[in-house]
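One structure is given here, and the rest of the page talks about it.
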Amino acid sequence: MSDDLETLRQDVLSELAGATDLRAWDAVRVGTLGKSGRLTGLLKALGKMQPDERKARGVALNRLRDELTQAVEARGKELEAAALQARLIAEKLDVTVPPPAEAAGYIHPISRTIEEMTAIFGVMGFQVAEGPDIETDWHNFSALNTPDHHPARTDHDTFYLPPAPGLDVTRVLRTQTSGVQIRTMLGQKPPIRIIAPGRTYRADHDATHSPMFHQCEGLVVGQGITLGHLKGCLIEFLRAFFGKPSLPVRFRSSYFPFTEPSLEVDIGWSRKTGEIGAGEDWLEVLGAGMVHARVLANCGLDPRVWQGFAFGMGVERLAMLKNGIPDLRSFYESDIRWLRHYGADPLAPALLHEGV
């Protein structure tokens, strides 16, 4: 082997031995055996030599190419094995070490508020009743003594749906869960004591209104039911929900088509600080009343025998008051930071305050 080939051989072997990672090894491989490599250049130069010289030179170059190719491949395998071993060591998992703590999920304020309402009314003997989100016009309005000219029945207040195939029945996205009360009275004999939490829909959207929101309505039907039962039930609920045993509660006369007499219910509140139960101001939180005789009759109940009271409240509204949430729209923005702040511990039960 000529001196220049021996020098090339020694240089390449030395460079391979000094390559400590696959990147350095690949540089030696390309610099030697690549299209522009040193050995490749010598092979290309054979065409310019005399036949006798070319034959002897070619044999020596081919022998050197085979030797260096084997040396490059062998060194590459060594470096690959070393890289794999280093990766296995770096990624080794100690199964005896406790796993890192992961962030716990949170219960949405709406879900937690419904849980608290259900727990409080459950102690009072109420059961949870459910109904469809898509209601007939009769269940949502007519059975509740709502006249045809009532503003709630207009297109700009209510979402109307086309009739179901084969049925000539006007359908709506329920504007209240009162339809559950109607279905309960139609399908269950008194005495009745239910709450109906669920989604409702109205054509409205701003900081305090949403096209989809949640309501919790209640119904009690029995014999000898009076306005005093209604007032006592709601006072106990509001004081338990807000955790204030002496919370001031006020009842004002109002009008709803489905109750007579009808009442608006206010709680004591400070307009300056927003504190519940403090100050000399009043804040409306829900509506209620004695079930109208026509509603009872529409459900096949004789109003001379059966009496009842009903009430309804917005879940988001009570959640905003209890948690100090200023904007209704934040409930539906899916901001995980907001949920971490206002959400509830999933392992903590809904609290029942003293006095329930």
- request: Calculate, to the nearest 0.5 Å, the distance between atoms CD and CG belonging to Q307 and L301 respectively.
  value: 10.5 Å
- request: Give the minimum heavy-atom separation between A71 and L13, together with the two atoms involved.
  value: CB-CD2, 3.7 Å
message: Keeping T136 on the side-chain end and H139 on the backbone end, is there a donor-acceptor pair under 3.5 Å?
response: yes
field: R183 and Q188, any side-chain heavy atoms less than 4.5 Å apart
entry: no
message: Does K322 qualify as a cation-pi partner of F242, given the criterion of NZ or CZ under 6.0 Å from the six-membered ring centre and within 45 degrees of its axis?
response: no
message: Walk me through whether D137 and S142 qualify under side chain to side chain contact (heavy atoms under 4.5 Å, CB included).
response: CA-CA 7 Å; D137 179 80; S142 300; 3.7 Å; yes
query: Would you say the side chains of T226 and H229 form a donor-acceptor pair under 3.5 Å?
result: yes
Exceeds 12 heavy-atom contacts within 6.0 angstrom, atom CZ of R57: yes
- request: Flag yes if more than 12 heavy atoms outside Q10 fall under 6.0 Å of its CD atom; otherwise flag no.
  value: yes
field: Short side-chain to backbone donor-acceptor contact, T259 and H292, under 3.5 Å
entry: no
task: Indicate yes or no: at least one non-hydrogen side-chain atom of I225 is less than 4.5 angstrom from one of V220.
output: yes
query: So, do M185 and V221 sit near enough that their side-chain heavy atoms are less than 4.5 Å apart?
result: yes
- prompt: Can you get from M290 to I192 by hopping between Ile, Leu, Val, Met, Phe, Trp and Tyr side chains that sit under 4.5 Å apart?
  reply: no
- prompt: Are T200 and F213 close enough, and set up right, to give a side chain to side chain contact (heavy atoms under 4.5 Å, CB included), and what steps lead you there?
  reply: CA-CA 5 Å; T200 53; F213 57 102; 3.0 Å; yes
field: Separation of T7 OG1 from D4 CG (nearest 0.5 Å)
entry: 7.0 Å
message: Students often mix this up, so state it plainly: with edges at 30° and 60°, are the rings of F311 and F121 parallel, tilted or perpendicular?
response: parallel
- prompt: Between CZ of F237 and CE of M124, what distance do you get to the nearest 0.5 Å?
  reply: 7.5 Å
message: Walk me through whether R23 and D21 qualify under salt bridge (charged side-chain N to carboxylate O under 4.0 Å, His left out).
response: CA-CA 6 Å; R23 178 176 295 182; D21 55 41; over 6 Å; no
field: Heavy-atom pair of closest approach, residues C216 and V315
entry: N-CG2, 4.0 Å
task: Could you tell me the separation between the CD1 atom of I110 and the NE2 atom of H214, rounded to the nearest 0.5 Å?
output: 5.0 Å
- request: State whether a side-chain donor-acceptor pair under 3.5 Å links E275 with S270.
  value: no
task: Could you check T175 against D157 for side chain to side chain contact (heavy atoms under 4.5 Å, CB included), going step by step and ending with a plain yes or no?
output: CA-CA 9 Å; T175 60; D157 276 354; over 6 Å; no
message: Any salt bridge linking E80 with K77? Criterion: basic side-chain nitrogen under 4.0 Å from a carboxylate oxygen.
response: no
- prompt: Under a 4.0 Å N-O cut-off, is there an ion pair linking D26 with R29?
  reply: yes
- prompt: Are L144 and W138 connected in the hydrophobic side-chain network, where two residues link if heavy atoms are under 4.5 Å apart?
  reply: yes
task: Could you tell me whether a side-chain N or O of H108 sits under 3.5 Å from a main-chain N or O of F331, the two making a donor and an acceptor?
output: yes
query: What is the minimum heavy-atom distance between I325 and S330, and which atoms define it?
result: CG2-OG, 3.7 Å
message: Ignoring hydrogens and geometry beyond distance, is a side-chain donor-acceptor pair present between D345 and Y106 at under 3.5 Å?
response: no
R171/E135 salt bridge by N-O under 4.0 Å criterion: no
query: Should V12 and L43 be counted in the same cluster of Ile, Leu, Val, Met, Phe, Trp and Tyr side chains packed under 4.5 Å apart?
result: yes
message: Salt bridge check, R304 against D302: does any charged N sit closer than 4.0 Å to a carboxylate O?
response: yes
query: What pair of heavy atoms forms the shortest contact from D281 to R271, and how long is it?
result: OD2-N, 2.9 Å
- prompt: Using a distance-only test with no angle check, is there a side-chain donor-acceptor pair under 3.5 angstrom linking S178 and N140?
  reply: no
message: Restricting to non-hydrogen atoms, name the atom on A17 and the atom on R75 that form the minimum distance, rounded to 0.1 Å.
response: O-NH2, 3.7 Å
- request: State, yes or no, whether a side-chain contact exists between C233 and F126 at a heavy-atom distance under 4.5 Å.
  value: yes
query: Would you say the side chain of L247 lies within less than 4.5 Å of the side chain of I276, judging by non-hydrogen atoms?
result: yes
message: Are L46 and L42 linked, directly or through intermediate hydrophobic residues, by side-chain heavy-atom contacts shorter than 4.5 Å (ILVMFWY only)?
response: yes
- prompt: How far does CG of L234 sit from CZ of R239, to the nearest 0.5 angstrom?
  reply: 12.0 Å
message: Can you tell me how far apart CG (L283) and CZ (R250) are? Round to the nearest 0.5 Å.
response: 10.5 Å
- prompt: Given H150 and F141, is the side chain to side chain contact (heavy atoms under 4.5 Å, CB included) satisfied, shown in steps?
  reply: CA-CA 9 Å; H150 195 281; F141 291 124; over 6 Å; no
task: Give a yes or no on whether the backbone of S36 and the side-chain of T40 come within a donor-acceptor separation of less than 3.5 Å.
output: no
- prompt: So, do E115 and I107 sit near enough that their side-chain heavy atoms are less than 4.5 Å apart?
  reply: yes
Note, M313 side chain near V285 side chain (heavy atom, < 4.5 Å): no
- request: Scan side-chain atoms only and decide if R38 and T32 contain a donor-acceptor pair under the 3.5 Å cut-off.
  value: yes
query: Do E316 and Y332 get their side chains close enough for a donor-acceptor pair, meaning under 3.5 Å?
result: yes
- prompt: For S254 and E264, which heavy atoms make the closest approach, and how far apart are they?
  reply: OG-OE2, 3.2 Å
field: Sidechain N-carboxylate O distance under 4.0 Å for D266, R252
entry: yes
task: Answer with yes or no whether the hydrophobic clustering places L227 together with V291; edges join I, L, V, M, F, W, Y residues whose side-chain heavy atoms lie under 4.5 Å apart.
output: no
Validation row: M117, L318 side chains within 4.5 angstrom (heavy atoms): yes
- prompt: Does atom CD of E284 have more than 12 heavy-atom neighbours, drawn from other residues, nucleotides or ligands, at distances under 6.0 Å?
  reply: yes
task: Just say parallel, tilted or perpendicular for the rings of W338 and Y342, cut-offs at 30° and 60°.
output: tilted
